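Here is the structure we will look at.
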Number of protein chains: 2
Amino acid sequence: MSHKRVTLADVARTAGVSSTTASLVLSGRGSELRISPAVQERVRGASAELGYRPNIVSVGLRKGTTRTLGLVSDTVATGQMAGDMIKGAIEAARDHGYMLFIGETEGDPAIESALIDAMLDRRVDGIMLTSMFTRTRAVPAALERLPTVLLNTLPAGPTRAPAVVPDEVAAGRAAAQLLLDAGHRDIHLVGAGPGADDVPPDTVAGHERLTGIHEVLHAAGLEPASGHLCDDWVPPQGWAATHDLLEQHPRPRAVICFNDRLAFGTYQALQEAGLRIPDDVSVVSFDNYPMADWLRPGVSSFAIPHEALGRRAVELLLAEIAGGPGGPDVHRLPVPLRARGSVAPA
Amino acid sequence: MSHKRVTLADVARTAGVSSTTASLVLSGRGSELRISPAVQERVRGASAELGYRPNIVSVGLRKGTTRTLGLVSDTVATGQMAGDMIKGAIEAARDHGYMLFIGETEGDPAIESALIDAMLDRRVDGIMLTSMFTRTRAVPAALERLPTVLLNTLPAGPTRAPAVVPDEVAAGRAAAQLLLDAGHRDIHLVGAGPGADDVPPDTVAGHERLTGIHEVLHAAGLEPASGHLCDDWVPPQGWAATHDLLEQHPRPRAVICFNDRLAFGTYQALQEAGLRIPDDVSVVSFDNYPMADWLRPGVSSFAIPHEALGRRAVELLLAEIAGGPGGPDVHRLPVPLRARGSVAPA
DNA sequence: CGGCCTTGCTAAATCGTGTTAGCAAGCTCA
DNA sequence: TGAGCTTGCTAACACGATTTAGCAAGGCCG
């Protein structure tokens, strides 16, 4: 608290002009309003010399804009996904001179509402509504008049807000195609399937990945060789599902796991059964967690572009703030394959 | 933009009083300054009826306090650790009516400096300097006059800022003691050791855990049976280190892995060598990643209290903001054991 | 010579709140 | 009865920027 921050009035005094003049010069409207080049130079010099930085709080009061965005998430503690998505958002925001408030609702509507209020109290210029697993949700009424973007989330009802999500259907198609191209015909599913409705509740990813897989298999005149629904996609369930699979089909040749944690369980079960990857069984998976690299051999996995999702959401939000159209478009980002050693020809 | 937000002046007008009176009543100084109960009631009624919420930007300009904190991290994308620590900080902040700016430096001093400036521009009330792996760092001069707390980080030089870190020495002691209590005498180390200086550079956790392990072993008249330094604590290195270990000692009985990712690699190598956990080998580890639960059997691991660290940092910061002492104390939080099935009697 | 335009700058209002100083009315009391 | 006190409230300024309106000086022109 000792040193006071240098204020616009200080700059003006040093340059020997009024603070109006200083403000005009520093906001670039100097020439437009006929401030002489000599004075402009003096103001800029004083500003640089004193190390002047405008007080954004004051600007916020005057202009109603705070160069601040809010990110409302259901949880930020879901490992890599959360981290990368937030990282992308933070970086994109910083690139444009914005800062990010981050809040967490734990799925509680009361907390969410309080959080949104807290952000509105601080006059954020826009808000991103995020979920750490892709899902569908309604947009709170309070946000219909503030620039808003849905991140990793699809709107439940009609809304002005655009959405940014990974293109999971395409990823599902690519996963099935990858195995078909390797010559496999009997493709087992761990995590969801075999029917189109055999997916964990409330998860968009499961539904869309399965849709893509079905599309490609049907086009080739095939059905999944088997499907094993898991309601929580963690290694123990992947292990159990693969265990079931092996009882019905002792020598599977190709498995699609619905994410890398399931794949971890699948690896454990296959290895305990004495089956080698990829020589005996080919495995392909989704998410591209760090774990995909740590399994032996690494599992080929489709990488959700978390960082790009966060980045794109910020860019859409800034466009909306700048007065862009901001239609309720759904932006689907590609989910590229990270090939490792888990797929071999049939 | 359509509906204007309701302002203090609106409340005052509705209640038929001056905005001074409304301000006094709503800030609780009404009785102190002899506003009659009847008027106080009217003001509060009007405020509730209109749904008045003070404009924090304006308050910030007037009082210089924004009810906002900054969290400056080297990276937020390091999985669970980052997420939980940030989650703890966010929740503690919210509990006290504060919001959190989160920024990421990627270890670049220029970005860090720009980030701190951006937060100062927005008049944060205090800043937390965080690292996602425990390390030592200097406090930028710009922060010596703003309330500051180091989170998961120790100060390199003299500073006013207190620090919050996990008590890694105690965790190291407890790990060694756990194996000694189970009757083990030959204890192998994967990730660091055997000598006190055999630690990855710049990591406080490695150094302190090793110190604790040494303390307990020495007190029992023992030395580590072997030590295997890994410069990056990831599964492939854990696998390689354990591979080395098995060449020197084909039948190890007890292993301390310096984190769960190393333990993952150790599991892989032990299982490939046909050794069973815990019947043949006991394994204990640190960090308590989700992965610790996913290994079969789960690995007993010392849990870094990430959420508590974040929470405590916010509490210290708020105490400092409230004018507390804010001495340069180092707060060490306990690192409790999460026992699973990876340790058996010798 | 008086009205009008241009040039180059500034005074003052504004955003929404907190805070200091003080005012009007009624009461007390010598 | 009038000085002084209490009660209950408000006017006005401050925070630090932006923005609107406008002023003074000089030149031009009929």
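None of these values were measured; they are calculated from a predicted model. Throughout, protein chains are lettered first and strands after them, A, B, ... in sequence-line order, and every chain is numbered starting at 1.
- Taking atom CG on B/Asp10 and atom C1' on C/dC15, their separation rounds to 13 Å, with Å as the unit.
- Among the protein residues, B/Thr21 comes within range of the nucleic acid bases, having at least one heavy atom under 4.0 Å from a base atom.
- Contacts of residues 47-64 of chain B with DNA chain D (heavy atom under 4.0 Å): B/Leu61, B/Arg62.
- Nearest to the side-chain atoms of A/Arg29 among the listed nucleotides D/dT20, C/dG8, C/dT17 stands D/dT20.
- Taking atom CD of A/Gln40 as the reference point, atom P of C/dG8 lies 11 Å away to the nearest angstrom.
- Summarising the geometry, the separation between CG on B/Leu8 and P on D/dA11 is reported as 14 Å, rounded to the nearest angstrom.
- For A/Arg13 and C/dC9, the CZ to P distance is 19 Å, given to the nearest whole Å.
- Counting heavy atoms from C-beta outward, B/Tyr98 and B/Thr68 have side chains that stay 4.5 Å or more apart.
- Ranking C/dT10, D/dT10, C/dG18 by closeness to the A/Ser18 side chain, first place goes to C/dT10.
- With hydrogens and angles disregarded, no donor-acceptor distance shorter than 3.5 Å links the side chain of A/Thr20 to the backbone of A/Ser18.
- The closest donor-acceptor contact from the side chain of A/Ser113 to the backbone of A/Pro109 lies at 3.5 Å or more, if one exists at all.
- Put simply, CZ on A/Arg42 is 14 Å from C1' on C/dT10, counting in whole angstrom units.
- As a whole-Å value, the separation of B/Glu32 CD from D/dG8 P is 15 Å.
- Using a 4.0 Å heavy-atom criterion, one finds that A/Ser23 contacts the bases of the nucleic acid, with or without backbone contacts as well.
- By the side chain to side chain donor-acceptor pair (under 3.5 Å) test, A/His331 is found to be paired with A/Arg312, residues two or more places apart in sequence or in another chain being considered.
- Computed from coordinates, the A/Ile35 CD1 to D/dT19 P distance equals 14 Å when rounded to whole Å.
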N/O contacts under 3.5 Å, protein versus nucleotides 21-26 of chain C?
none

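- At most 12 non-hydrogen atoms from other residues, nucleotides or ligands lie less than 6.0 angstrom from CG of B/Asp202.
- Closest-nucleotide positions on DNA chain C for A/Ser19 and A/Val39 were compared, and the one nearer the 5' end corresponds to A/Val39.
- Taking 4.5 Å as the limit, some side-chain heavy atom of A/Leu317 sits within range of a side-chain heavy atom of A/Met128.
- Per the geometry, CG belonging to B/Leu24 stands 10 Å off P belonging to D/dT10, to the nearest Å.
- Judged purely by atom type and a 3.5 angstrom limit, A/Asp74 uses its side chain to pair as donor or acceptor with the backbone of A/Met132.
- A/Glu112 places no side-chain N or O within donor-acceptor distance of the main-chain N or O of A/Gly107, the cut-off being under 3.5 Å.
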side-chain hydrogen bond (donor to acceptor under 3.5 Å, both in side chains) between B/Thr159 and B/Glu144: does it pass, once the steps are laid out? CA-CA 7 Å; B/Thr159 175; B/Glu144 281 297 337; 2.9 Å; yes
